[in-house]
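Because the structure is predicted, anything quoted here is derived from the model rather than measured.
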Amino acid sequence: NYLKIFISSLIISAIGVFVIDYFSHLFFSDPMETIAYFIVKAILYIIFSFLFLSFINLDKNESTKIVIGGIIVASIWGFYYNILPLVIGYYPFGITLVGLNFLEMGIFGTGVAFGIVHTAAFIGGYYLSKLVLKRLD
C-alpha cells in the first residue's frame, strides 16, 4: 500500500508542479520562475502528498479533504517561499513574491493568484493520479 501511496505522491507532484504550476508561471507570470524553484516545490509536494495520503482517510468527504489538503500545501509553500524571506531575510531558490507579477495584478493579487494555482496543483495532481492508478489496476 505504501508503494501505491508513493507512486501517487510522485504523480501528484509531477502533474501539479511540472504541468499546472509550471504552465501557470510560463503563461501568466513575469518573470518566469527558476528550475530550482520547481525542483524544491516538487520535493515538498511529494513529501506532503505522501504524508497526506498515509494519514488522511479519504473514504468520506474525499473532495472536501482534497481541497483542504491543497490549501494546506499551498499555505506551507507560501510561508516557506514568501513569509520567511520577509521575516528573517531567508531567500530560497527562485524569485520571491515581491519579484513576481501575475497578469500585472500587484503583490496582493499575485499572492492570491498563486495561492489558487498552488492549491489547484495539489487538487489536479491528486485527481489525475487517481485516474492514472485506476487505469494501471
Side-chain angles (χ1 to χ4, degrees):
N1 198 22
Y2 284 113
L3 179 60
K4 188 175 180 180
I5 290 172
F6 181 70
I7 291 169
S8 185
S9 299
L10 289 175
I11 295 169
I12 290 169
S13 179
I15 298 295
V17 174
F18 294 111
V19 176
I20 296 170
D21 189 47
Y22 178 84
F23 285 104
S24 294
H25 277 282
L26 182 65
F27 294 127
F28 304 117
S29 77
D30 183 47
M32 177 60 174
E33 267 295 358
T34 66
I35 295 299
Y37 165 90
F38 293 108
I39 291 170
V40 171
K41 183 182 278 182
I43 292 168
L44 170 73
Y45 271 63
I46 290 169
I47 293 167
F48 177 83
S49 299
F50 186 82
L51 293 172
F52 182 84
L53 296 173
S54 295
F55 294 110
I56 303 298
N57 181 357
L58 297 174
D59 292 337
K60 287 180 97 179
N61 302 321
E62 176 187 42
S63 297
T64 303
K65 290 176 182 175
I66 296 304
V67 169
I68 291 169
I71 292 169
I72 291 170
V73 74
S75 298
I76 292 169
W77 184 250
F79 177 79
Y80 166 77
Y81 214 69
N82 299 307
I83 305 300
L84 282 180
L86 293 173
V87 173
I88 62 173
Y90 170 70
Y91 189 75
F93 301 103
I95 305 161
T96 62
L97 183 61
V98 175
L100 285 176
N101 201 341
F102 189 95
L103 295 176
E104 305 296 324
M105 294 183 359
I107 191 166
F108 181 76
T110 298
V112 170
F114 277 123
I116 292 168
V117 167
H118 297 154
T119 301
F122 180 77
I123 295 167
Y126 172 77
Y127 284 110
L128 286 170
S129 77
K130 197 171 166 182
L131 181 67
V132 168
L133 291 176
K134 186 183 232 182
R135 290 186 180 257
L136 292 178
D137 284 342

Linked, directly or transitively: Phe55 and Phe50 (ILVMFWY side chains, under 4.5 Å): no

Short side-chain to backbone donor-acceptor contact, Ser8 and Lys4, under 3.5 Å: no

Considering all heavy atoms, the nearest Phe18-Tyr22 contact: O-CB, 3.5 Å

Least distance between heavy atoms, Ile20 atom then Val117 atom: CG2-O, 4.2 Å

CD1-CD1 distance between Ile66 and Ile56, expressed to the nearest 0.5 angstrom: 9.0 Å

Lys41 vs Tyr37, side chain to side chain donor-acceptor pair (under 3.5 Å): CA-CA, chis, key distance, verdict: CA-CA 6 Å; Lys41 183 182 278 182; Tyr37 165 90; 2.5 Å; yes

Hydrophobic cluster identity match, Leu103 and Met32, side-chain contacts under 4.5 Å: yes

His25 and Phe38 aromatic ring geometry - parallel, tilted or perpendicular at 30°/60° bounds: perpendicular

Atom pair CD1 (Ile46) and CG (Leu10), whose distance is rounded to the nearest 0.5 Å: 5.0 Å

Interatomic spacing from CD1 in Ile11 to CG in Leu133 - rounded to 0.5 Å: 4.5 Å

From CG (Asp21) to OG (Ser29), nearest 0.5 Å: 8.5 Å

Parallel, tilted or perpendicular: ring planes of Phe114 versus His118, cut at 30 and 60 degrees: parallel

ILVMFWY network linking Val132 to Ile15, side-chain heavy atoms under 4.5 angstrom: yes

Contact list for residues 102-131, test salt bridge (Lys or Arg N to Asp or Glu O under 4.0 Å), sequence neighbours left out: Glu62-Lys130

Rounded distance (nearest 0.5 Å) linking atom CD1 of Ile83 with atom CD1 of Ile76: 13.5 Å

Audit row: Leu53, Ile12, side-chain contact (heavy atoms from CB on, under 4.5 Å) steps and yes/no: CA-CA 11 Å; Leu53 296 173; Ile12 290 169; 3.9 Å; yes

Any side-chain heavy-atom pair of Asn101 and Phe28 under 4.5 Å: no

Joint cluster assignment, Val17 & Ile43, ILVMFWY side-chain distance < 4.5 Å: no

Phe48: ring pair (Phe, Tyr, Trp, His ring centres under 6.0 Å) partners, not counting sequence neighbours: Phe52, Phe122

Side-chain donor or acceptor of Ser9 paired with backbone N/O of Ile5 under 3.5 Å: yes

CA sep, side-chain torsions, deciding dist, call: Lys65, Tyr126, side-chain contact (heavy atoms from CB on, under 4.5 Å): CA-CA 11 Å; Lys65 290 176 182 175; Tyr126 172 77; over 6 Å; no

Approximate separation, where rounding is to 0.5 Å, of Leu136 CG and Ile7 CD1: 8.0 Å

Side chain to side chain, Tyr127 and Ile123, heavy atoms closer than 4.5 Å: yes

side-chain contact (heavy atoms from CB on, under 4.5 Å) assessment of Ser75 paired with Phe79: CA-CA 6 Å; Ser75 298; Phe79 177 79; over 6 Å; no

Closest non-hydrogen atom pair between Ser13 and Ala42, with its separation: OG-O, 2.8 Å

Note, Pro31 side chain near Leu100 side chain (heavy atom, < 4.5 Å): yes

Joint cluster assignment, Leu58 & Tyr2, ILVMFWY side-chain distance < 4.5 Å: yes

